[in-house]
Amino acid sequence: MTELANQVAVVTGANSGIGKAIALALAAHGATVCLVGRRMEALQLVAEQASNGSGCYQANLGVDSDIVALVTNLKQDVKGIDILVHSAGVIQLSSFECGSPDQLDWHYKVNVRAPYLLTQGLLPVIKARQGQIVFVNSTAGLRAGAKAVADSLREEVNADGVRVLSLFLGRTASPMQASVHEMEHRKYNPELLMQPEDVAAVVINALTLPRTAEVTEVSMRPCVKSY
């Protein structure tokens, strides 16, 4: 499969779970993938599975200086970027009454600020290739109005030939979801949830559509409602 041959993709959260599945699917379709995550050893294992010269970039997306360094290194290492996938994310369950300011700041920095800054830093090279940007979100974001960044970005860059996709995902088998179940004091049954490969298949389908069409939003949930 070479639909994405000669294209360069950047995937955050590529250590594991959905990000890893998307990165491997992109590589399987011919893309050169820049893997971004906090754990270098885990990134290197993914790079070995991708087996097409994918590069590893260690970065804590909750730290602005790491994002600045990441943008600089990517621009130095690759001639252009065709696909940017925001799959990194964090979650700490808490009630409004009990949540701490530090928790709020942590969620904001990784889940909102980091995608904004990374997109901003890479946008010139993405626009130059008429690239594509994918935001991986939770279906909970549909209730909280988390679409604003992707929607405003799409409004701005569509004229430059850049496509922007927002994914809104229900519970997906992943290390993050395992930790969510633990916080909820519930038994974790990953076989009842969506699989990361399901998400990756939808992403690849959207990215490889002819340029006469654009998928703007996809909402996915497990077929078996176990929660």
Side-chain angles (χ1 to χ4, degrees), residues 8-24 26 31-47 50 54-78 81-94 99-126 131-138 140-141 144 146-150 152-153 157 164-169 172 174-180 196 199-200 203:
V8 176
V10 176
V11 181
T12 69
N15 301 288
S16 61
I18 295 169
K20 174 183 175 180
I22 292 174
L24 292 177
L26 288 166
T32 297
V33 185
C34 301
L35 307 166
V36 180
R38 290 182 296 173
R39 303 188 309 276
M40 180 57 76
E41 288 186 6
L43 292 175
Q44 290 171 339
L45 291 174
V46 178
S54 299
C56 300
Y57 296 82
Q58 186 174 20
N60 181 346
L61 298 180
V63 178
D64 284 3
S65 59
D66 276 23
I67 299 175
V68 172
L70 174 61
V71 170
T72 299
N73 291 333
L74 286 168
K75 287 182 175 180
Q76 289 175 346
D77 293 348
V78 298
I81 295 173
D82 301 278
I83 298 166
L84 172 59
V85 179
H86 295 291
S87 187
V90 295
I91 185 170
Q92 178 67 51
L93 298 183
S94 178
S100 71
D102 287 343
Q103 285 180 329
L104 174 63
D105 291 343
W106 181 52
H107 283 87
Y108 168 72
K109 285 182 178 180
V110 178
N111 297 342
V112 180
R113 182 179 173 85
Y116 181 93
L117 292 178
L118 186 55
T119 300
Q120 185 180 58
L122 297 178
L123 197 54
V125 292
I126 295 173
Q132 306 185 76
I133 303 169
V134 179
F135 292 86
V136 179
N137 307 290
S138 167
K147 300 165 52 180
V149 172
S152 60
L153 175 65
V157 301
V164 179
L165 166 64
S166 288
L167 289 174
F168 295 95
L169 305 180
T172 306
S174 64
M176 178 182 287
Q177 192 55 231
S179 67
V180 168
V199 179
V203 170

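Sequential numbering from 1 along the given sequence is applied to the chain's residues.
Panel note: side chain S54, backbone A50; no donor-acceptor pair is recorded below 3.5 Å. Under the 3.5 Å distance criterion, the side-chain polar atoms of S65 are left unmatched by any main-chain donor or acceptor of V63.
The shortest heavy-atom contact between V78 and C34 is CG1-SG, 4.0 Å. When every heavy atom of I126 is checked against every heavy atom of Q132, the shortest pair comes out as CG2-N, 4.3 Å. Here the closest heavy-atom approach between residue L43 and residue L35 is recorded as O-CD1, 3.6 Å. The two residues L24 and V46 come nearest to each other via the heavy atoms CD2-O, 3.8 Å. Contact detail for A59 and V36: the closest heavy-atom pair is CB-CG1, 4.2 Å.
Once rounded to the nearest 0.5 Å, the distance linking OH of Y116 with CG of L153 reads 9.5 Å.
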Please report, to 0.1 Å, the donor-acceptor pairs under 3.5 Å made by any side chain of residues 14-22, with sequence neighbours excluded.
| unit_1 | atom_1 | unit_2 | atom_2 | d |
| --- | --- | --- | --- | --- |
| N15 | OD1 | R39 | N | 3.4 |

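For D64, the salt bridge (charged side-chain N to carboxylate O under 4.0 Å, His left out) partners are R113, not counting sequence neighbours. Residues forming a salt bridge (charged side-chain N to carboxylate O under 4.0 Å, His left out) with D66 (at least two apart in sequence, or on another chain): none.
Side-chain contact between V11 and L26: present, with at least one pair of heavy atoms (C-beta onward) separated by less than 4.5 Å.
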